[in-house]
Structures are given as C-alpha cells and as structure tokens.
Protein chains: 4
Amino acid sequence: MQPLEKAATKGQRTDEAFRAAARLVFARDGYLNAKISDIAAAAGRSVASFYNYYDTKADLLIALAEEFHAEATQLAALPYRAGLSGEEALREAVAGFWRTYARRRGELIGIFQAAMIEGRFRDRWLELRGEAITRIAGAVRAAQADGYCPGADPVMTASALSAMLEHFCYIWLGQGGEKDVPFDDERALDALCTIWVKAVYWRAEPL
Amino acid sequence: MQPLEKAATKGQRTDEAFRAAARLVFARDGYLNAKISDIAAAAGRSVASFYNYYDTKADLLIALAEEFHAEATQLAALPYRAGLSGEEALREAVAGFWRTYARRRGELIGIFQAAMIEGRFRDRWLELRGEAITRIAGAVRAAQADGYCPGADPVMTASALSAMLEHFCYIWLGQGGEKDVPFDDERALDALCTIWVKAVYWRAEPL
Amino acid sequence: MQPLEKAATKGQRTDEAFRAAARLVFARDGYLNAKISDIAAAAGRSVASFYNYYDTKADLLIALAEEFHAEATQLAALPYRAGLSGEEALREAVAGFWRTYARRRGELIGIFQAAMIEGRFRDRWLELRGEAITRIAGAVRAAQADGYCPGADPVMTASALSAMLEHFCYIWLGQGGEKDVPFDDERALDALCTIWVKAVYWRAEPL
Amino acid sequence: MQPLEKAATKGQRTDEAFRAAARLVFARDGYLNAKISDIAAAAGRSVASFYNYYDTKADLLIALAEEFHAEATQLAALPYRAGLSGEEALREAVAGFWRTYARRRGELIGIFQAAMIEGRFRDRWLELRGEAITRIAGAVRAAQADGYCPGADPVMTASALSAMLEHFCYIWLGQGGEKDVPFDDERALDALCTIWVKAVYWRAEPL
DNA sequence: TATGAATGAGATTTCATTCAT
DNA sequence: GATGAATGAAATCTCATTCAT
C-alpha cells in the first residue's frame, strides 16, 4: 500500500554517489592525493555540487569512517555474543576486522592517511580507536582472571595489538603487501591471529 | 690522526644545516605539512640554496632515512653479536629500535608519513623494511629450530611484528600516545617486548 | 471602505517578505556582503523563489530605494507646505530626512553601498538625488531673493549640503558613528541643521 | 663617491609598480571590482608576485591610504603654520584636501569603497579620520574663543563638515559629479569652502 | 507559485621550482 | 655557493543563476 521507504530523494542518491566515489578514489589515489575534483568526476557530479553535501574532504572521510567503525565494532562483538571460547572468539573477531578492511579499502587508506596528517580527523579517529583499545584491554583482563598473561599491562598491550592489527591490515590490504612477499590472505590472517593469541594466552613458566 | 675529516667544507656545513632543520620541522609540523621554505628558514638559508643539495623534500628524507636505518640495524644486531640468549637479545634489539626512534622523532614522523603518500619514498622504504623482515624471519626460523612456534609462517610473522613495532613507535613516540592513556616509556616498551617474545617463544601444547 | 486592498495575494505576501528580509539583512551585513541566499533565508523562502520577484539584488534595492525616496521627499516637503518660515522649515525638513534614515537603516546602508559600486543602481540613485538637489537649489535661490548668501552657486551648494546630509546620516545611523565619540541623536541632528542654516542664511558683511 | 641612496632594489621597484597599478585600477574599476589579477596585469607582474608584497588587496590599500593621509594632513596644516588668518587658512586647508584627492583618485575611490565594506580597513580609516576630526574640532573651539559660533558642538560639527568634505570630493572627483551638473572645479571648491566658513564663522544675532 | 538540487564561471591563495646576479 | 625575486600551475571554495518537478 505505502510506497516503500526506500524511495531515496535525489539528494540522498547524490550523497551516496559522492561516498561511493570517494571510496573509489581514496583506494586508487590515496586520500591525500585525492582532489575534490577527482571525487566529483568519479561521482559524475560537478565540483560545486560536492559542497552542497560536505564542507571538506575530511568531512566526507569522517562520515565514511563512522560507518566503517560501526561495522567493524559490530562484527568484532559478534563472536563473543555467540558464546565462543576466548581464543575462538578472538580469532573470529580479528578475522572480522580483517575482512571489513578488505571490503572497504577506500576507508582503510583514507583513515590511515588522514589520521597522520589532518588534526581534525586524527582527533576523531583517536576517539574511535580509544573505544577499541578499551574493549581489547577488557579482554586481556578477562584472560588474566583466568590466570593468563600475569603482570601484563592491559592497556599498553591493547595499544600494541591494535597498532599491529591496523598497520598490518594497511600494509597488506591497503598497500599491496611487503616487497617480494606474495599475497596470501590465509597465511597473513593466520599469522596475525596466532601472534595475538599467543601474546595473551600464555601462562607463567612453572618454576 | 685524520684531522682532515673535521674540516667540513662550507657546502657540508650547509647540507648538515638542512638535515638538522628538516628533522626539526618534520618533528614539529609533520612531513607532509613541511614546506621547503620552512626547512630553509629553520636552517637559516635561502630556499634557493636548498636546491643546491636536494631536488625534492623526499630526497632529503631519503638521506635521513638511510642514516636512520643504518643506525637502527646496527643497534638491533649488537645484542646478538654480544652472545645474549635468544629472548634476551630480542628484548635488547627491540629496545634499541625504540630508543633510536625516540631520539630521532623527525625521521620517525617523516618516514611514516612519506611511506604512506609518496610513491618514490615508499618504494625505497619497502626495500629497507624488507631487510628488517628478512632478519626477523631468520630469527623466527632459528627459534623454530629450537622447537618454538611450530608451524608459524616466518615471513608473515615477521611482517606482523614489524608492523606492530613501527606503528606502536609512531603512536607513542611520534604522535603523543593514545587518547586518555598516560605516557610511560617503561611500560610501553615492556608490553611491546613481551608480546614479541610470547609470539615467538611458545611451544605446542603437550597433548 | 476598500476591503479589497487588504486581500494581499500569496505573491504579494511573498514579495513583502523579501523586502522586509532584505532590509534586515542589509542592515545587519551590509548590502555588498548580503547574499541572495541570506535574504531568502531571512524571508523563510527558497532562493529560487526570489527570482520570481526580482532579477537581481540590485533590483530589489531599487524598489526599496524608490519607496524610501518617496517617503523622504514627502516628509521634506511637509514643513514648507505647513507655511513655516524658511529657517524653521529647513530644520524640520532636515530632521525629517534624518528620522527617515534612522527608521530605515537597511535602505540607508543599501543605497549608500550600492551607489558606490553598482553602475546600474548608481545611475538610478543619481536621478533620485538630482531631484533633491534641484529642490535644495531652489530653496537657496529663494533665500538669495531675500538677500541671503549672495553670490553662492545654488546647485553646487545644494550638492555639498546634500553630500553632508547623506554621509553624516550614513556615518551616524548606518555605521555607528565616529571613533570615540558617543552617539547623541539630539546633538548630531542639531549640528547638522545649524551648519545647513548658517550656510544659507548669511548676509554679506556690511562694508 | 657613494652611490646615491636612490638605487631602488628590484623588490622596491616591483612594490612601487603594484602601488601605481592599484591606484590606476581602483580609479578605473573601483576598489571592489578590482581583482588581484587586474592589478598584477597593470603592474606587468604575475599574480603570484603580488603575494610576495601584500597579503590581500586591503593591505595594499591600507599602505596607499597611509601615504595619502600623511600627505593630506601635512597639506592641511601648512596654511596654519604659514600664519594665515583663520578664515584664510581654512580655505587653503580645504583646498589642499581637495587637490590631494584630485591627484589621487585611486586612493579616494579605494578608501571610500573599502571603508564601507571591509571591516579591517574601516577600523583603520576610522582612526585616521578621528585624527582629522580632532583637528577640525580644535579649530572650531578656537573660533568659539573668538566669539564665533557660540553653542555649537565642536565634535559633531567637525564630524558633519568632515562628512561633507569627503563625500563631496568623492562625488565630484571620484564619481564624476552630479547628474546634469557640469563639472567646474572652481565653483565646486568655492561652494565647499564657503559653506565651511559660514558654518563656523558666524556670530549670534544681536538682540 | 514554490523549491530542492545542480552547476558554470571565477577569484583567491599556495608552493615548488627557476633564474639572474 | 648563495639568494632575492618571480612565476606557472593547481586546488579550493563561493555564488548567482537555472531547471525539473
């Protein structure tokens, strides 16, 4: 009876076109090299039209980053809700993150580059990452309650693991990998998970 | 003995001034925000003079990066030559890297930012990092020969550990740390080393 | 009696909204800084709607200026019709002008700024002002017939007095006055009238 | 023996070229219509070169206005120093102002237009004009000490006379005069001076 | 009539790079 | 070697104006 809610207005479709175009261009040229005119061209719109939707390139990236963050966070939480064991859930969560980045290369590259250069964006990203670190640190404490990794500093450990996760994703999924090392999705993800698991689920040496 | 080395020519002194200025400006403003005119101003020379020594900002950074890489490599090798045990040597090597970056914040920031944006620099940096990964992978294989971390992919593991090392250094030494986490050199370095050690020196669970 | 006049059409109400909005925005931001979008926003209408009523910002201002001019002219004529003496009528006429500008700050600012920049508007304003000058010159000649201000060029004198009147109004009523001089409506108006009176009603020195 | 100090550097000559070009373009197109590119073209330099000397068009105008103000002020002071009588000196001072504006039409137009629109410039100009008003008010008080214009408010009177002076100059020297009134330098200046003199040098009516 | 949306056409501004001295 | 000065080539951003609905 009622027209489906989907009927996006013209403006919504244009906005979507700019987002899609930005993901494309960021993935192709990098965030810093991307010009507004490139994004507009990829979106099939005029440069002036861009400014009807975003004030700056950074604003558009922030919108994409929020979307991305929401998805990654949700995906990372799923395995825990599903009641998997700590180690199992961990592997799944890391894998979820990896796959999200793989699917959203534009955001991956945009976020990383912008976080390094644009003060405004960096602040927002530090906040989002702060949430992730808090969650990881919580998981470390939970493991410690079970007798694992005694004495480890949960927050610093979380910071280091998060740094590894992000940068490793950037190198392999964003930048095309290391020199002279063939790309292998499986092995890369497995190495990442194994390090993470071993870094948390170890016990003190028996005396 | 070799007094001649001291007598730096006018040109050498100017070159040195540009390098020092670049380190200062990169640390202060970031590599991407640094203008040639900023570096020249910090060096107390004219912009035109800059071009007598380097063709681009990237060239100057490459020179700095080579210096930096040589120092870090040498420092990382020392503990092994000193005959320390695997784990001990590892901690020392990581600490050496950390301290080198702490002392050379300009290079740290410059290298990281440029590796993300400038194709020319990125290629060179991937080569330098390739060496490090080869070395780390070698250490992993050595550990495997002693029965540690069976089944782990040495190169992927090295890539992930290297990613962690670099990015964690950048966050803490370059960018000022995580949101709402106080800086603590000791704890940061310790967390980093512990993860690394546990990621490599683990044995298969006894059945 | 004429109830029909009241029934403003939709279009008339919209037109009125644009005029009121323009007066507001000109007074607040100045004519040159006023964007069509600002006026439309203040009027609560769309920008596109603006073009149903006026072709340009200048056209809208011209409409306002005609209104303004008619009112000021009428007010200036009143005291003469009322049969006041020359000097008395003069003071009243100047006061009428002053008060009209005070009540219509938007027009004051708009007219002044536009007359300085927009050729199209300037031409129209020169015509309107020409009328005023003709009238003032006539008053000067009348005074001369009574033996006042012998030898004075009526038109040039009228031009100068008119310039004083307008600019003084603009400074005090439009721009907020001189630096470090407190606003005082009474004294300002009095100084203006006195100068005008003395400039016209003087007699040759007795030999 | 020593080379004459005149030998202007290349930069000084370029600066001078920009100033001259600005005066030309302001006089021709008005300040607000003048584009940086017009000024650069008139100066025979590139647009980029402009920015080596001034940050904005307003900055260049301020420089011109200061020059202008200094000259006008000095010229206005001369007749008083020369020991002329009050009325004589007054006519000379006004004439000096008139002639300065006549010679510097670019500044006249630039100053007037900018004072109306650009906040930054307006503030500076209000200051400069404040000086003039203080001086005129002083002259009014001096006249009052001799029994002239009793009861007149010196500052308001000065403000009104200054308004007349400036706007009359703008209309006749900047804008080309009133509609249908032939230009006549002599008569214009004479009307202006006469008004000024009569506005100040009048005595209370004998009872 | 009214309006959401789109855009052409400019103007400002920045900077790496060059060159004459 | 060193530098004051000049500039080409972009990229960003703004707005009046138009048009389809």
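Every chain is numbered from 1 and lettered A, B, ... according to where its sequence line falls, protein lines coming before strand lines.
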Nearest whole angstrom, please: distance from the [atom2] of [N] to the [atom1] of [X].
| X | N | atom1 | atom2 | result |
| --- | --- | --- | --- | --- |
| A:Tyr51 | E:dA9 | OH | P | 18 Å |
| C:Asp59 | F:dA16 | CG | C1' | 13 Å |
| A:Asp38 | F:dA11 | CG | C1' | 10 Å |
| B:Phe50 | F:dG4 | CZ | P | 17 Å |
| D:Asp55 | E:dT12 | CG | P | 14 Å |
| A:Leu32 | F:dT12 | CG | P | 11 Å |
| D:Arg13 | F:dG4 | CZ | C1' | 12 Å |
| A:Tyr54 | E:dA6 | OH | P | 12 Å |

Any salt bridge between B:Lys35 and B:Asp29, counting N to O under 4.0 Å?
-> no
Salt-bridge contact C:Arg104-C:Glu67 (side-chain N to carboxylate O under 4.0 Å) = yes
On DNA chain E, more 5' by nearest nucleotide between D:Ile36 and B:Ala34 is D:Ile36
First of D:Lys57 and A:Ser49 reached from the 5' end of DNA chain E, by closest nucleotide = A:Ser49
Map D:Ser46 and B:Gly44 onto DNA chain F by nearest heavy atom, then report which one ends up closer to the 5' terminus.
-> B:Gly44
5' precedence on DNA chain F between A:Ala48 and B:Lys10 (nearest-nucleotide basis) | B:Lys10
Given E:dT7, E:dA5, E:dT13, which nucleotide is nearest the side-chain atoms of D:Val47?
-> E:dT13
With the side chain defined as heavy atoms from C-beta on, B:Asn52 is closest, among F:dG1, E:dT7, E:dA5, to F:dG1
OP1 or OP2 of [N] versus the side-chain N and O atoms of [X]: is any pair under 4.0 Å?
| X | N | result |
| --- | --- | --- |
| A:Thr14 | E:dA6 | yes |
| A:Lys35 | F:dA11 | yes |
| D:Thr56 | E:dT12 | no |

Parallel, tilted or perpendicular: which describes the rings of [X] and [Y], with under 30° parallel and over 60° perpendicular?
| X | Y | answer |
| --- | --- | --- |
| A:Tyr53 | A:Phe18 | tilted |
| C:Tyr170 | C:Phe112 | parallel |
| B:Tyr54 | B:Phe50 | tilted |

As its Watson-Crick or G-U partner within any shown strand, both distances under 3.5 Å, F:dT21 has E:dA2
With a non-hydrogen cut-off below 4.0 angstrom, is D:Tyr53 in contact with a base, only sugar-phosphate, or nothing?
-> sugar-phosphate
